[in-house]
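Report on one structure; see the data block that follows.
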Amino acid sequence: MGLLAALTRGLVRGADRMAEYTSKRGSRFHNPGRGCKRIGFLRNGYKFCMVREMVPEFVVPDLTGFKLKPYVSYKAPEGEVAALTAKQLFMDIVAPQIEKDVKNGIFDPDNLEKYGFEPTQEGKLFQLFPKNYVR
Amino acid sequence: MRLPGCIAVVQGERLQVPECSAAAAPCCWVLRTARAAWLQVEILKGKDAGKQGLVTQVIQARHWIFVKGMNVHYRYVGNLGDYPGMYIPSEAPLMIQHVTLIDPADRKPTDVEWRYTEEGERVRVSMRTGRIIPLPEVEHPDGVVPELWVDGPKDTSEDDAVAKTYKPSLKTFEEEIMELMGIVETRRARKSYWY
């Protein structure tokens with residue numbers, strides 16, 4: 001009784017304007033959808049063609065022996081991890097290689113591709129700029 | 001209905017929350033009300049003046065402190081039909097100005113100042129004896145005591161959570177996974193433009 005009284009007290013003056021507008025409301029021909037992304041396109045005659053590449057697929061490697069679990073123990077201390085910057089990546093990976101080559105005398109400033117330099121992002125599957133992957 | 005902590009609006013008027021006066025302002029910062037829960041304080045004014053007690057609740061917006069068992073008035077609670085209800089003591093709030101910290105060395109009220117230790121830590125120092133008054137331990141909202149916690153089946157152990165297994169590499173995460181799983185993708189997306 002308490003719940004109904006509270007509801008009626010709240011909605012006695014009219015409809016609930018803040019309620020979500022779903023496909024259950026409106027006429028039976030009105031289909032606003034439920035907010036899914038497109039997985040295909042409509043061709044002639046309003047026939048739907050599904051495109052396999054647009055359907056999301058989870059790629060999960062084998063997790064046997066994986067130690068991390070959904071939750072973290074309360075005993076683990078709070079810590080800070082330094083933010084990963086481009087400079088940090090360079091100093092960790094590329095700088096030692098360049099240093100070694102300079103010491104051996106085979107450093108070539110025109111051939112920076114061997115250290116991972118990419119002059120353009122054209123032709124790459126995952127382009128860094130403009131970013132063409134979701135993550 | 002006035003709940004503690006809400007600013008009552010009475011027919012167009014707004015309840016004035018008394019500002020902490022300049023003399024009492026150091027006192028406010030000294031108590032750092034958000035962490036004053038479970039702190040021993042001495043009451044200076046009111047009917048329980050001179051008594052010491054434990055802070056149970058703090059309402060920072062109104063500069064209120066509830067001290068356990070102090071400044072009580074009695075009322076009936078849970079009346080139903082003929083039953084008049086249980087007669088219980090309920091604490092009334094005290095203002096921060098009417099309460100001071102206690103020096104743990106001699107259990108007497110003191111003035112307190114914020115100072116820095118040699119390590120650079122900001123602590124409260126009693127003016128009379130110079131003893132540091134530590135901040136009270138902040139309790140976990142779930143009531144969990146980390147030292148006594150036993151890991152469940154879905155909990156990552158402490159060592160695994162803290163272990164650093166990141167190997168820096170110039171590949172993106174997606175490229176690394178593709179390499180691991182042996183996925184080969186030679187098709188490229190059609191060029192599209194956005195503005």
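Each chain gets a letter, A, B and so on, in the order the sequences are listed, and its residues count up from 1.
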For chain A, find which of Ser157(B), Gly152(B), Ser169(B), Ala163(B) contributes the most heavy-atom pairs closer than 4.5 angstrom.
Ser169(B)
Val162(B), Leu180(B), Val144(B): which one forms the most heavy-atom pairs within less than 4.5 Å of chain A?
Val144(B)
Closest non-hydrogen atom pair, Tyr115(A) against Leu170(B)
O-CD1, 3.5 Å
Specify the closest pair of heavy atoms between Ser73(A) and Glu158(B), including all atoms of both residues, with the distance to one decimal.
CB-N, 4.4 Å
In terms of heavy-atom contacts, does [atom1] of [X] have more than 12 from other residues, nucleotides or ligands at under 6.0 Å?
X: Lys47(B); atom1: NZ; value: yes
X: Met91(A); atom1: CE; value: no
X: Arg107(B); atom1: CZ; value: no
X: Tyr74(B); atom1: OH; value: no
X: Tyr133(A); atom1: OH; value: yes
X: Asp92(A); atom1: CG; value: yes
X: Leu80(B); atom1: CG; value: no

Could you tell me the separation between the [atom1] atom of [X] and the [atom2] atom of [Y], rounded to the nearest 0.5 Å?
X: Lys75(A); Y: Asp159(B); atom1: NZ; atom2: CG; result: 9.5 Å
X: Tyr71(A); Y: Asp151(B); atom1: OH; atom2: CG; result: 14.0 Å
X: Thr156(B); Y: Phe66(A); atom1: OG1; atom2: CZ; result: 9.0 Å
X: Lys124(A); Y: Thr172(B); atom1: NZ; atom2: OG1; result: 7.0 Å

Between [X] and chain B, with a heavy-atom cut-off of 4.5 Å, which part of the residue counts as in contact: side chain, backbone, both or neither?
X: Phe126(A); value: both
X: Ile93(A); value: side chain
X: Glu53(A); value: side chain

Side chain, backbone, both or neither: which part of [X] has an atom under 4.5 Å from a heavy atom of chain A?
X: Lys191(B); answer: side chain
X: Asp160(B); answer: both
X: Ile177(B); answer: side chain
X: Ile183(B); answer: side chain

With side-chain contact (heavy atoms from CB on, under 4.5 Å) as the criterion, how do Tyr166(B) and Val81(A) come out once you've worked through the C-alpha distance, each side chain's angles and the decisive distance to 0.1 Å?
CA-CA 11 Å; Tyr166(B) 172 61; Val81(A) 179; over 6 Å; no
Please name the residue in the list Arg187(B), Glu174(B), Met178(B) that meets the side-chain contact (heavy atoms from CB on, under 4.5 Å) test with Leu125(A).
Met178(B)
Could you see if [X] belongs to whatever hydrophobic cluster contains [Y]? Use Ile, Leu, Val, Met, Phe, Trp, Tyr and a side-chain cutoff under 4.5 Å.
X: Trp114(B); Y: Ile132(B); result: no
X: Trp64(B); Y: Leu44(B); result: no
X: Ile39(A); Y: Leu42(A); result: yes
X: Tyr116(B); Y: Val125(B); result: no
X: Tyr74(A); Y: Leu68(A); result: no

Show your reasoning for whether side-chain contact (heavy atoms from CB on, under 4.5 Å) applies to Thr165(B) and Lys67(A).
CA-CA 11 Å; Thr165(B) 52; Lys67(A) 291 190 199 138; over 6 Å; no
Between Glu122(A) and Arg188(B), is the side-chain contact (heavy atoms from CB on, under 4.5 Å) condition met? List the steps.
CA-CA 10 Å; Glu122(A) 304 284 323; Arg188(B) 291 289 175 266; over 6 Å; no
